[in-house]
Amino acid sequence: RHEAGSQQSLASLAAGFGVVFANGTFWRLGLMMAVMSGTNTAMQSLWIGPWLRDVGGFDRPQSLVLMTWLALAAVAGYIVAGTACDWLIRRGARALTLYKIQCCIVIVLFALIALAGKDAVPLWFAYFAMGSGGPLVLAMLARRFTPEFTGRVNTASNVLLFSLAVLFQWGVGVALDFWPVIDGHYAADGYRVALAVLVVVQLAMFVVLAVFEKPKTAIGVAD
């Protein structure tokens, strides 16, 4: 109750979202995170199982085992990446530079998955282990606003993330429906095209992030 902004009314708190959504830095970082993390979430939460069945050729028990190991790889990846980024930042590395490097690696892995077809299982492990960099972006965004906006920045970022995750989940399904379903299996070409489209979206957002980057400032009203 003694922290900055703790006595604001609900109306003032709600109005703060307007400040967040009107900020260019929020959109450059937040939308990039939403695209990267949204893709990761869409695949891990819905489409990795069907992919293992339809493209990888695994039966249900095998797919379940692989999905469990992929989830564990993701957990381990968050721990390792988070620890490594923290260690590097404390020694002078720039958080945004680390995030760009992570994005490049993840985009390349995802593109290779789209091209590799049934041989992409090891790449899926690397992809989920590398994560999406979402926590790093949340930390960067929190420092670009005054402290009382931290909760609303996190909320707004997650709204973007899960909105795009749902959109990408739906979009992959739409793409798959352009190919015939044979014996309950979607076509491998459908997955390839859907993943390729997501690669293009990620690359486009990376260009936006790189081209329109602005200096880091602590802000509460304007970019």
Side-chain angles (χ1 to χ4, degrees), residues 20 23-45 48 68-113 120 122-165 168 198-199 201-220 223:
V20 175
N23 185 270
T25 299
F26 168 78
W27 284 105
R28 282 188 298 278
L29 283 171
L31 197 54
M32 182 69 194
M33 181 205 72
V35 167
M36 298 299 294
S37 297
T39 300
N40 188 290
T41 301
M43 300 311 299
Q44 190 173 41
S45 64
I48 186 61
T68 301
W69 282 108
L70 288 169
L72 291 173
V75 172
Y78 272 110
I79 295 171
V80 173
T83 302
C85 286
D86 184 66
W87 187 86
L88 290 168
I89 290 169
R90 290 177 185 274
R91 283 154 181 78
R94 191 164 175 246
L96 184 56
T97 300
L98 295 175
Y99 180 60
K100 288 178 179 178
I101 293 171
Q102 186 177 24
C103 285
C104 287
I105 295 172
V106 170
I107 292 171
V108 169
L109 286 170
F110 201 69
L112 291 174
I113 289 170
L123 294 171
W124 279 117
F125 275 96
Y127 172 76
F128 287 126
M130 281 302 300
S132 61
L136 189 58
V137 173
L138 291 176
M140 286 190 286
L141 281 174
R143 294 174 182 175
R144 283 165 166 76
F145 288 82
T146 49
E148 63 267 26
F149 282 90
T150 300
R152 281 164 288 186
V153 170
N154 287 346
T155 298
S157 300
N158 281 307
V159 168
L160 279 181
L161 191 167
F162 288 107
S163 296
L164 285 186
F168 292 162
L198 289 174
V199 169
V201 173
Q202 292 174 76
L203 284 172
M205 287 310 308
F206 185 84
V207 171
V208 171
L209 178 66
V211 171
F212 295 100
E213 178 187 349
K214 288 188 178 181
K216 174 183 175 182
T217 54
I219 43 184
D223 197 4

Requested in this report: Could you tell me the separation between the CG atom of Leu164 and the CE atom of Met36, rounded to the nearest 0.5 Å?
Outcome: 12.5 Å

Report task. Kindly indicate whether the side chain of Met32, heavy atoms from C-beta on, has any atom under 4.5 Å from the side chain of Tyr99. Result -> yes

Query - Over 12 foreign heavy atoms within 6.0 Å of CZ, Arg91 - result: yes

Query raised in the report: What heavy-atom pair brings Val199 and Phe110 nearest, and what distance separates the two atoms?
Result: CG2-CD2, 3.5 Å

Query raised in the report: Does the side chain to side chain contact (heavy atoms under 4.5 Å, CB included) test come out yes or no for Asn23 and Arg144, once each step is laid out?
Result: CA-CA 10 Å; Asn23 185 270; Arg144 283 165 166 76; over 6 Å; no

Report summary line: Between Ala95 and Ile89, the two heavy atoms sitting closest are CB-CD1, 3.8 Å

Requested in this report: With sequence neighbours excluded, tell me which residues meet side-chain hydrogen bond (donor to acceptor under 3.5 Å, both in side chains) with Ser45.
Outcome: Gln169

Query raised in the report: Side chains of Trp27 and Leu209: closer than 4.5 Å at any heavy-atom pair?
Result: no

Query raised in the report: Among all residues two or more places apart in sequence or in another chain, which pass the side-chain contact (heavy atoms from CB on, under 4.5 Å) test with Ala81?
Result: Gln102

Requested in this report: Write down the atom of Ala71, the atom of Gln44, and the distance for their closest heavy-atom approach.
Outcome: CA-NE2, 3.7 Å

Query raised in the report: Does some side-chain heavy atom of Asn40 sit less than 4.5 Å from a side-chain heavy atom of Tyr127?
Result: yes

Query raised in the report: Is any side-chain heavy atom of Thr39 closer than 4.5 Å to a side-chain heavy atom of Val201?
Result: no

Query raised in the report: Parallel, tilted or perpendicular: which fits the ring planes of Phe128 and Trp124, with parallel below 30° and perpendicular above 60°?
Result: parallel

Using atom types as modelled, flag every donor-acceptor pair under 3.5 Å from a side chain in residues 154-162 to any protein atom, sequence neighbours excluded.
| residue | atom | partner | partner atom | Å |
| --- | --- | --- | --- | --- |
| Thr155 | OG1 | Gly151 | O | 2.9 |
| Ser157 | OG | Val153 | O | 2.8 |
| Asn158 | ND2 | Asn154 | O | 2.9 |

Report task. Compare all side-chain heavy atoms of Lys100 with those of Phe206 and state whether any distance is below 4.5 angstrom. Result -> yes

Report summary line: Rounded to the nearest 0.5 Å, the CE atom of Met205 sits from the CG atom of Leu31 at a distance of 3.5 Å

Query - Nearest atoms (heavy-atom pairs only) where Leu98 meets Ala93 - result: CD1-CB, 4.1 Å

Query raised in the report: Do Leu141 and Met33 touch side chain to side chain, with heavy atoms closer than 4.5 Å?
Result: no

Report summary line: Rounded to the nearest 0.5 angstrom, the CG-CG distance for Leu138 and Leu29 is 10.0 Å

Query raised in the report: So, the side chain of Ser37 versus the backbone of Ala34: is there a donor-acceptor pair under 3.5 Å, distance only?
Result: no

Report task. For Met43 and Phe168, run side chain to side chain contact (heavy atoms under 4.5 Å, CB included): C-alpha distance rounded to whole Å, both residues' side-chain angles, the deciding distance at 0.1 Å, then the answer. Result -> CA-CA 9 Å; Met43 300 311 299; Phe168 292 162; over 6 Å; no

Requested in this report: Please confirm whether the backbone N or O of Leu198 pairs with a side-chain atom of Gln202, one donor and one acceptor, at under 3.5 Å?
Outcome: yes

